[in-house]
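Since the structure comes first, as C-alpha cells, the remarks are kept for the end.
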Number of protein chains: 2
Amino acid sequence: MKSPSQPRDRGIPEATVARLPLYLRALHGMAERGIATVSSEDLAAAAGVNSAKLRKDLSHLGSYGTRGVGYDVEYLVYQISRELGLTQDWAVAIVGVGNLGRALANYGGFVSRGFRVAALVDADPEIVGDTIAGLNVEHIDELEAVIKRRGVSIVVLATPAAAAQEVCDRVIGVGVTSILNFAPVVLSVPEGVDVRKVDLSIELQILAFHEQRKAGGPLMAVDGQ
Amino acid sequence: MKSPSQPRDRGIPEATVARLPLYLRALHGMAERGIATVSSEDLAAAAGVNSAKLRKDLSHLGSYGTRGVGYDVEYLVYQISRELGLTQDWAVAIVGVGNLGRALANYGGFVSRGFRVAALVDADPEIVGDTIAGLNVEHIDELEAVIKRRGVSIVVLATPAAAAQEVCDRVIGVGVTSILNFAPVVLSVPEGVDVRKVDLSIELQILAFHEQRKAGGPLMAVDGQ
DNA sequence: GTGACTTTGTGCATCGGTTCACAAAGGGAT
DNA sequence: ATCCCTTTGTGAACCGATGCACAAAGTCAC
Ligand SMILES: NC(=O)c1ccc[n+]([C@@H]2O[C@H](COP(=O)([O-])OP(=O)(O)OC[C@H]3O[C@@H](n4cnc5c(N)ncnc54)[C@H](O)[C@@H]3O)[C@@H](O)[C@H]2O)c1
Ligand SMILES: NC(=O)c1ccc[n+]([C@@H]2O[C@H](COP(=O)([O-])OP(=O)(O)OC[C@H]3O[C@@H](n4cnc5c(N)ncnc54)[C@H](O)[C@@H]3O)[C@@H](O)[C@H]2O)c1
C-alpha cells in the first residue's frame, strides 16, 4: 500500500513533535559554540533525553545522520526547523494585556524563533491605546478586524477565565485554528482547532503531590484511612 | 501478596496525578454553584475528559462514589485536595523578578489553592528592596537564608536561562526538592528532585507544527523531497 | 420488600511510546 | 583495498495509559 520511494512517514508521533523544539534548542547552542557535528549520545544528553529515543525521533523526519560520525548540526537545525514550520514566520496575537499578557509581549524569546507578536488586544479602556513593547493595544471590539488585517494565525489567550471562552469562539469564527490558553478553563472548540494550555497552578499542584509523598508519604498510614 | 484491607494503592499513575487538579477545578466551580452531587459523566464533561478515564482516575484514590447516584462534590473536593497535598499550605519562592516573575508574584490564582508566595529574590540591585505584591525583594546572596527562614519548599525559577542552573544548584543545596522552571534550559538535578518546566516557546512551536500541517500539509509533496 | 433504573468500579483489549540491543552502514587508518 | 571502529536506524519486547463494555452495587418509587 505504501510506495517505498516515500522517504518520510508524514505522520510524526505527538510525543516526538513535543521533543523536537528541545533538540532544536540544544542544536542552536551547539551551533553557536562552533560544533559542526554531534552524536546522538551527546545531543540526547544536551536535551535531557535517552539517546535511543532521540534517534527514533529523528528517524521520523528522515535519515539525516551519518553512521560512524553523527549528525551535521546546521543541517539538522534546518531539517527540524522546516518540519516544525519555523522557516516561515507566524503572526501571534495576545488577547488580554494584564500582568501575564504584558510579560509575554515584552518577552524576546518568541521572536528568536519564527514568532512575531503582531497584535495586542484588551477590553479595558484604560489600557487600550497604550503602547506596550512597541505595539498599540487595540480594543476587543476590533478583535476580528485586527486578526484578519495582521494575518494572525496563532492566538494567545491571557484574559481572565470568565472571558476566555467568548474570545476563543470569536477568534475561531474568523478562522484561527491554533490557540495557546493561559486561562484556567477548559475551552470547548470544534474539530480541527488545536488548543494547548499552560496552567501554572496545575504544575504547582503536581509538585505539591510529589513533595508530600517525599516528606510525609510513609507516615500517612497512621490515620488508618 | 496484597492485603485486601488496604484501601488505596499508594501508587497513583502520573497521568492521573496530572488530571486531578483539573477535576478539582471543575468541582470547585460546581460547589460554588451549589451542586451537591455529580455523576462521572457530568464531571468528566466539565473537565474535558472521557468518563471512563475519570472513574478510573478516581478509583485510584479510593471508592468515593455511590452507584446509582454519583460523587458527593464536597467530599470529593476534600479527598482530591488531601491526595494532592493541598490541605497544608506551601511556601513558594520566586527567583528572578523580571517581567515574568512580577506577573507570577501578582497573580492571585496561587493563593486560592494552598500556595503562598513567601519570598521574592533577584540579583539586580535596582530591584532588590522594592516591594512587589506586598513582598520585599531580597538579594540573591540571601537566597539560602531566605529559603530556610521562610520554610520555602517549592522554588519557581524565572531568571534568565544562563543563571538558572546555578540558582537551581543552590536551592537544592539547602534541601529544596521541587522546582518549577520557566527558563529555557534543561536543568540537571540529582535523584529525588522534581523539576517541572513550562516553556512557552515550545508550546508555540508545537502549535506551529500542526498549523503548518493543516494549512500546507498535502501541498508539501510538490517539492519532491 | 421488590423491581426497575442509574451509575460506579474494573477486567480486558488495544494503543502509543519507550527502551534494549544489534545488524547495517559509513569513515579512516594502514 | 581491506579491516576495524564508531554510530546510526530499527525490529521487537515491554510498559503505562486509554477506552470499551458490563457485572455489581446502590437508589428510589410504589
Ligand atoms: N499572572 C500569572 O502569573 C498567571 C499565572 C497563571 C495563569 N494566569 C491566568 O492568565 C490570565 C491572565 O492573568 P493576569 O494575571 O494577566 O490577569 P490580569 O487581570 O492582570 O489581566 C487580564 C487582562 O485581560 C483583560 N480582559 C478582561 N476581559 C477581557 C476580554 N473580554 N477581552 C479582552 N481582554 C479582556 C483585562 O482588561 C486585563 O488587562 C488569567 O486567566 C489568569 O488566571 C495568570
Ligand atoms: N516573559 C515571558 O513571557 C517568558 C516566557 C517564556 C519564558 N520566559 C523565561 O523566563 C525567564 C524570565 O523571563 P523574563 O521575561 O522575566 O526576563 P527578565 O530579564 O525580565 O527577568 C529576569 C530577572 O532575573 C533576574 N536575575 C538575573 N540573574 C539572576 C540571578 N543569578 N539570580 C536571581 N535573579 C537573577 C534579573 O535581575 C531580572 O530581574 C527567562 O529565562 C525567560 O526565557 C519568559
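We name chains A, B, ... by the order of the sequence lines, and we start the count at 1 in each one. Since we're looking at a predicted model, the values are computed, not measured.
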Inset, instruction - Report yes if at least one side-chain N or O of Y71(B) is closer than 4.0 Å to OP1 or OP2 of dT6(C); otherwise report no. - result: no
Legend entry - Validation row: N99(B), Y107(A) side chains within 4.5 angstrom (heavy atoms): no
Inset, instruction - Could you pick out which residue, V38(B) or T16(A), lies toward the 5' side of DNA chain C when each is mapped onto its nearest nucleotide? - result: V38(B)
Legend entry - Value in whole Å for how far the C1' atom of dG26(D) lies from OH of Y64(B): 19 Å
Legend entry - Heavy-atom check, side chain of I202(B) versus side chain of R25(A), under 4.5 Å: yes
Legend entry - Shortest side-chain distance from T66(B), nucleotide among dG26(D), dT8(D), dT18(D): dG26(D)
Inset, instruction - Could you state the atom-to-atom distance from NE2 of H60(B) to C1' of dT8(C) in whole Å? - result: 15 Å
Legend entry - Listed nucleotide nearest any side-chain atom of A52(A), set dC20(D), dG11(D), dA21(C): dA21(C)
Legend entry - N/O donor-acceptor pair under 3.5 Å between E74(B) side chain and A31(B) backbone: no
Legend entry - Protein-nucleotide distance (E41(B), atom CD; dA21(D), atom C1'), rounded to Å: 14 Å
Legend entry - Nearest-nucleotide pick for N50(B), side chain only, options being dG19(D), dA17(D), dT8(D): dG19(D)
Inset, instruction - Round to a whole Å and report the spacing from CD of E14(A) to C1' of dA17(D). - result: 16 Å
Legend entry - Euclidean distance, H60(A) NE2 relative to T16(A) OG1, rounded to 0.5 Å: 5.0 Å
Legend entry - Candidates dT18(D), dG9(C), dT8(D) - which lies nearest the side chain of R19(B): dT18(D)
Legend entry - Rounded distance in Å - CG (D57(B)) to P (dG16(D)): 16 Å
Inset, instruction - Could you please name the option among dC12(C), dT10(D), dA24(C) that lies closest to any side-chain atom of R67(A)? - result: dA24(C)
Legend entry - Options dT18(C), dG9(C), dT27(D), nucleotide nearest the side-chain atoms of R55(B): dG9(C)
Legend entry - Test: R213(B) and E83(A) ion pair at under 4.0 Å: yes
Legend entry - Side-chain donor/acceptor contact of K56(A) with base of dT19(C) under 3.5 Å: yes
Inset, instruction - Using the closest heavy atom to pick a nucleotide of DNA chain D for each, name whichever of G68(A) or S63(A) lands nearer the 5' end. - result: G68(A)
Inset, instruction - Take atom CG of L54(B) and atom P of dT10(C), then tell me their distance rounded to the nearest Å. - result: 14 Å
Legend entry - K53(A) NZ - dG16(C) P separation (whole Å): 17 Å
Inset, instruction - Return no unless some side-chain N or O of S39(B) is found under 4.0 Å from OP1 or OP2 of dT7(C). - result: no
Inset, instruction - Would you mind reading off the distance between D72(B) atom CG and dT27(D) atom P, rounded to a whole angstrom? - result: 13 Å
